[in-house]
Every structure is written in structure tokens, then in C-alpha cells.
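Sequence positions, counted from 1, serve as the residue numbers for this chain.
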Amino acid sequence: MPTSQPALSDALNQERAYHEVCRAALTALVNGAQEQVVTGENVSASGADAEVLGRRLRTQARDLRELPEGPLFFGRLDFSAAEDAGDHAGRSYHIGRVRLAPDPSAPPLVVDWRAPVARAFYQAGPHDPQAVSVRRRFGWSPGSRGDSADLTGLEDERLEAGETRPSGIVAAEIERPRVGPMRDIAATIQPEQDDLVRADPRVSLCVQGAPGTGKTAVGLHRAAYLLYSDPRRVRRGGMLVLGPNRAFLSYIREVLPSLGETGVRQSTLEDEIARHPVTVRDSEDTARVKHDVRMAEVLRRALYARVRPDAAAPLVVQDGSSRRRLAADEVERIVRGVRDEELPHALGRDRVRTRIVHALRQQAERRTGPRSDTWVRKVSRSRPVAALLDAVWPVVRPEEVLADLLAGPSAPASASGPFSLATAAEGLLGTDEQRCLLRAGAARPRGPAHWSAADLVLLDELAGLIERPAGYGHIVLDEAQDLSPMQCRAVARRSPFGSLTVLGDLAQGTTPWAARAWPELLAHLGRPETPVTALTAGFRVPGAVAELANRLLAHLDVDVPPCRPMRRDGGLAFTRADDTGAAAVAAVRDALAHPGSVAVIAADTAAEALREVLAAAGLPASGPKTPGARVSVVPASAAKGLEYDHVVVVEPAAVVRAEPRGAHRLYVALTRAVSRLHVVHREPLPEALLPWDDHGNAQGPPSLRGGARFP
């Protein structure tokens, strides 16, 4: 039976009072943490102990201070008194974003959503209550900073009684206007999302997510879960979240801090590999070749062409009054043996040095007895050994290898021996492909200040061949479908032993080298056995918008399941007008009559002009890198990963025409809308957007059949 109004009011008052208790406990913890820093640093027996303890206490105090203001819990579990409830029988737990207790040894006032007992909040149901008698959800005022008076409602599901009903609180939270950065979804995680979030920390995952299915949120919450459930391993290696661009990172920046995790590096792959500024732009054909996986072998050949076993010469080292000699053929044998071990280049040089010195030491000890470590160090640093190493295994920099490779046969011969692109690419790249690379090399002055974005990927490959980078404990990789094979290798180098969470949507692949299927991309990431899980339940995109996008999806060259919209609200409209600027202004004014953010998305070449049109109409608009702006003008190339309550897509045909995978770009633009989508156009719509009749004939769009209005 539904809860009576007086009973509901009493329950609300009790929960508000409990929240006040929790708020007081948090305040005491924050104040006490700072006092512990001062006290703890002065009570340890040694300076080293004080330093370690002080660092730990300062971190705890910082984490508490940096918790974003907001409600301290969003749900409650009441377990039954039956035996199957085990240790939880008859107990109640409030569920929140972080654990809250008066002190570490006391029972928690609030249980962290990642704790094992909290899993029932997301997984329990009438068919499997998991010993939960009542699941309670709390409704808070939008934008609440944690004032207990902002607790405005609650819903109880009596699971043991088989009671089930759609949650109005969950629906309201999902559909709440999107103004400001992305929010966490800890209160609304669905069972299939929870399975992915809590998957084995040692296992890599790949999530194929249709628009609005929450794949990005799943990845971020998995990051928070791994930091909670396996902190020693993950924190030791570090956590890295890689997004497609800085606008996207700005949009997601508050999710992990809201979940109590502040020590996570959030970056783009471009920033991770940025050895130099990008000052040159490659042609599309040249960029395709540079991003092709065959370049990995070309670069390896070019690098190891500088290893010259045939340059070996007899080695003579002064040892007191004696001389130690190593024949040229023995040096050559050592160099060839190390090269065959396929070690990183810098490690290989050190290995050659070690083996040469070891051979000299054995020779000396056979004649005059043991040699000390001091003797070994002295010989290792001697000029004859250094000169020989420079001849057979020289020190190299990625920049000089790539510059020489791209400069072509007209370049001066390298001091370490002649080699050419033709030699390095033999059997790998065709003549036309080599010509593309050579033209790219000749088009720029020699030197480290002139590199393209694709060059930086190649430099990172070379740097990894020379010396392996330190790896992360876990990497969350979003919009992975857009990575080239060479970019995937750059990610794999940063996770040689850790796990990956790979997120993406093949239908939203817009780069020239975007993946058509996941297995090949996962192989380039070094995780060929990673299972692929599809999320299809769309909680963000309204039904009408999802159906339009699914119509376009059928015309894209990828095999992915369509979005299954869970929402039947929202709206879709088309306007055909000779003046698309004026029509866009009208559409924005209409959208501003409703709460939430508004984005105007257009082909990149038209975005700035639309911004000026809106400004002239008294509607100043920000760019995509300004979270919280009410109105934004977003170039189609920058829309990926973002979401807005109201989206106005201007001239879809121009978006499609702008690039080879323009239809995929349009798919991205259409699926940014959370509430309403308004398509403004003068040119005919792309055929894929037209409705079809029962005989397979294209029908006119709504704008050509008298227009369509929002509900």
C-alpha cells in the first residue's frame, strides 16, 4: 500500500534529522583531520616515520576538504530479519558517495556505494530481493549543496513483498537539465552498468555503448571502484583517464572528485605524447600512412639500422701495467647476440657494455686473480669502451631517427651508418606511400621544432623502442573507436601489466582510421582476448531522437546494436528555411523558454558565422570548452562526448559533406540532445534521415509535410 501523507512527512523529518547527524560527523572529521596532521607529525619516533605519517594524514585531510558539497546519502537498504540476510539481518544502511563514520573503528553512518553490502542497492529486485526488505531512494532539490532541508522526497520499494514500480526519483535525476559539468550516476546505476563497474580489477573490459547508455559514466565509476577495491595495486601504478579532447575532460572533471577520488590523472593521448608543439599539418594521405600499424616495423628497422655489429673493432683497455684486449669478432658476436634479444635500445646498449666488461674481467681474472666492483666501474667508464659503444650501438634520440627517415636519400649520411626509408619500408609500404612520407619530410625544415600531430605518435613509438615508459595500474580509455593502430600502441605501452577499460561506439567513429570492429583495435591495444559488452539501454536520449539516430545508424558501415530508448519524453522538430541563421536564432529562443543547456551544432566551417548571428540577435554563445554556459555553439568535430538539454543541428547535409566519415559525424551531432532536438536546414536532408513507407520508398521529412512541433 502507498505510504500515507503523514507517515511520509514523519519519514522525511527522520531522514533529515539523520542527515544532520551525518553532516555534524563530517564537520568533526574535517576539523579533526587537520588537528591530526599537526599532532601526528610530532609524535613519531623518527623523522622518517613522522614524514610517512604526516603525508598520510595530510592526504586524508585534503581528501575530506576537497569533497564537493552535496547530499551525504542517496539511498537506504533495510535488510530482513531472516537467516539468509546473514550478518546484515535486521540492519539498515544509508548509501552515499563516500563512507562516513565518527571514527575508523565505529560503524558507518553512511556506507560507500562501492562497498560489497551496497551492491544490493543496484542489483536487488522482486525476483531476487537478496534479503533486502525495503530499498529507499531519496529525492534532493536540484543543485543541493547538502542542506538537510533539500531532502524533498523518498520512495520505498518493498522487495520481499514483490513490489516493483518505476522510480520517479531515478527518472527525475536522469532527465534533470544538463547545465554544468557531467554528474556522477552513483544514485542511478542500473544492474547491467553495475556489473561492468564491479568487474574483476585484473580484467580488461571493452564497452560498446550506444548514445546515452552511460558508457562514459560506467568507465569513470569503474575507475572509482577500482581505487576503492584494489587501492594498493592501482594506486601504486596510478590511474589514467584518457579522453578525446580537453573540452570533454573539462566536462567530466567533477565526476571522480564527487566520488571521493582526487588523485586520478585525466588527460588526452595528445597531451601524453606531446614531446613537441604541433606546428605542421600533414595531408590526409600522409597522416593515414603515419597512423598505419606497418609504421611500427618501419621505425623499428630504422632504429636498429643504427646498431652496427660490422663496425666492431679490436678493444684495448689499459689495466695498470697490462693491457686487456678483446678481438673484433668477439665484440661483433656480443653485439649480434644482444640485438637478437630484441631489448629496448637503451637497455641493449647497457647490455653490450656489461658483456664486454664481463669478458674483459674474465680475461683479467684468469691471469692475475679477482677484480673488484671498483675495477668494473672504472673499465665500464673508460674511453675505449665508450668509443666502441658509440661505434656499434650509438646513443640515439627519437627526433634524429625520424627526421633522417623522412628526409629521404638527399639527406646527409648519418654518422652511424647509411639507411633510408626505402630500406626500412621494403616489403611494408608501397612506392606511393613512401612518396607521401618523403614529401612530408621535405616540406619542413630539419629540426625538432617542426612536427605534425602524426609525427608525435611516431616519436612516441620510437621513444618506447628506446626506453619503455612507466606503466599505469589502470587506464580508462574513452572514445577508443577513433584511435589509430599507432595510437593504440601508445596506450598499450603505458599499460604493459595493468588493465584497461575501453569505451566507445563504432557508430561514432569519425577519424579516417576509425575502427570498424573491436577485435582488431583490442589487438593493437595488446588485449586481444578482451570481451566486448554492448550497452543498448538508452537512459539519456529521448525516444524520438534515438529513433531518428537509429535510422541513420542503418546506413553506417558498422555492425552494432541500435539504442533501445528507455524514455518516451522529449521532442523532435524539423525546420526548412532559406535563412538557416534566422531559423537557428528562432530555435534557440524557443529552447531558452525551457530549462537546461542549449547547443547549436554545425559543420566546423559554419560555426563561427552562427556564433556571430546569435550574438547579433542578443544571444551570446560560448564555445564547447565552457561548461555551465546556457548557450553554446559547437563545431561538429568538437561535439563528441558532450550532452545538452536542447540541441539545434544546422544543415545536416553540410556536416555529412565536410569529411569522408561525415555521416558518422552527423550521428554524433544528432545524439547530443537530452530533451529536444531541432534540425534546421535549407538543403535537402541526407536520405538516411528520411522516413520510409511500407514499400521502401523515401517520404518527405516532417518539415516538408507541413512541419513538426515539439510536444
Side-chain angles (χ1 to χ4, degrees), residues 269-270 273-308 345 394 396-466 482-490 509-516 520-521 523-524 557 637 657-662:
L269 183 58
E270 288 75 13
I273 66 174
R275 296 172 65 90
H276 304 286
V278 173
T279 57
V280 175
R281 184 182 180 89
D282 285 323
S283 70
E284 185 172 311
D285 287 341
T286 299
R288 280 180 182 273
V289 178
K290 290 181 178 179
H291 280 280
D292 193 289
V293 72
R294 293 171 294 167
M295 286 300 299
E297 177 60 17
V298 172
L299 295 174
R300 191 195 69 80
R301 291 178 182 178
L303 174 63
Y304 283 94
R306 294 173 177 251
V307 175
R308 301 288 305 280
H345 189 275
V396 294
R397 295 177 59 248
E399 288 79 2
E400 68 185 76
V401 177
L402 186 59
D404 285 348
L405 186 68
L406 299 184
S410 61
S414 167
S416 358
F419 70 95
S420 67
L421 176 61
T423 302
E426 183 178 0
L428 294 171
L429 302 180
T431 303
D432 290 343
E433 292 172 316
Q434 293 180 41
R435 192 175 296 119
C436 281
L437 294 177
L438 291 177
R439 279 203 302 267
R444 66 171 65 89
R446 295 287 300 279
H450 300 278
W451 303 105
S452 69
D455 287 336
L456 298 186
V457 180
L458 302 184
L459 290 173
D460 192 75
E461 178 78 20
L462 283 165
L465 289 170
I466 294 170
D482 276 331
L483 295 184
S484 71
M486 293 299 287
Q487 289 173 317
C488 287
R489 290 175 61 86
T510 52
T511 58
W513 39 78
R516 268 68 172 181
E520 183 178 0
L521 183 141
H524 292 313
D557 57 343
S637 65
R657 192 169 54 245
E659 54 187 306
R661 292 176 67 86

Could you pull out all residues at least two apart from [X] that satisfy side-chain contact (heavy atoms from CB on, under 4.5 Å)?
| X | answer |
| --- | --- |
| Glu520 | His524 |
| Ala425 | Val298, Leu421, Leu429, Gln434 |
| Pro660 | Glu284 |
| Ser283 | Asp285, Thr286 |

Looking only at non-hydrogen atoms, find the nearest pair between [X] and [Y] and report the distance.
| X | Y | answer |
| --- | --- | --- |
| Ala274 | Leu456 | CA-CD1, 4.3 Å |
| His345 | Pro394 | CE1-O, 3.0 Å |
| Ala287 | Asp282 | N-CB, 4.1 Å |
| Cys488 | Leu483 | SG-CB, 3.9 Å |
| Ala490 | Leu269 | CB-CD1, 4.2 Å |
| Leu438 | Ala407 | CD2-C, 4.4 Å |

Decide yes or no for [X] and [Y]: does some side-chain heavy atom of the first lie under 4.5 Å from some side-chain heavy atom of the second?
| X | Y | answer |
| --- | --- | --- |
| Leu462 | Arg397 | no |
| Pro398 | Ile466 | yes |
| Arg661 | Thr511 | no |
| Leu459 | Trp451 | yes |
| Glu461 | Val457 | no |
| Leu402 | Leu299 | yes |

Taking it one step at a time, do Asp460 and Met486 satisfy side chain to side chain contact (heavy atoms under 4.5 Å, CB included)? CA-CA 9 Å; Asp460 192 75; Met486 293 299 287; over 6 Å; no

Determine which pairs satisfy salt bridge (Lys or Arg N to Asp or Glu O under 4.0 Å) with at least one residue from residues 422-432, sequence neighbours left out, and list them in order. Asp432-Arg435

Considering residues at least two apart in sequence or located in another chain, which fulfil the salt bridge (Lys or Arg N to Asp or Glu O under 4.0 Å) criterion with Glu297? Arg300, Arg301

Excluding sequence neighbours, so at least two apart, what forms salt bridge (Lys or Arg N to Asp or Glu O under 4.0 Å) with Asp482? Lys640

Among Arg288, Lys290, Arg294, which residue satisfies the side-chain hydrogen bond (donor to acceptor under 3.5 Å, both in side chains) criterion with Asp292?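 Checked Arg288, Lys290, Arg294 against Asp292; only one passes side-chain hydrogen bond (donor to acceptor under 3.5 Å, both in side chains): Arg294.
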
Keeping Asp455 on the side-chain end and Ser452 on the backbone end, is there a donor-acceptor pair under 3.5 Å? yes

Flag, side chain of Gln487 to backbone of Ser484, donor-acceptor distance under 3.5 Å: yes

Name all pairs fulfilling the ring pair (Phe, Tyr, Trp, His ring centres under 6.0 Å) condition that reach into residues 278-299, sequence neighbours left out, sorted by first residue then second. His291-Trp513

Please walk me through it: do Asp557 and Arg516 pass salt bridge (Lys or Arg N to Asp or Glu O under 4.0 Å)? CA-CA 7 Å; Asp557 57 343; Arg516 268 68 172 181; 3.4 Å; yes

Spacing of OG belonging to Ser420 relative to CG belonging to Asp404, to within rounding of 0.5 Å: 11.0 Å

For Arg281, enumerate each residue passing the side chain to side chain donor-acceptor pair (under 3.5 Å) test, keeping only those at least two apart in sequence or located in another chain.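 Listed in chain order: nothing, the list is empty.
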
Give the C-alpha distance, both sets of side-chain angles, the deciding distance and a yes or no for side chain to side chain contact (heavy atoms under 4.5 Å, CB included) between Arg306 and Glu400. CA-CA 11 Å; Arg306 294 173 177 251; Glu400 68 185 76; 3.2 Å; yes

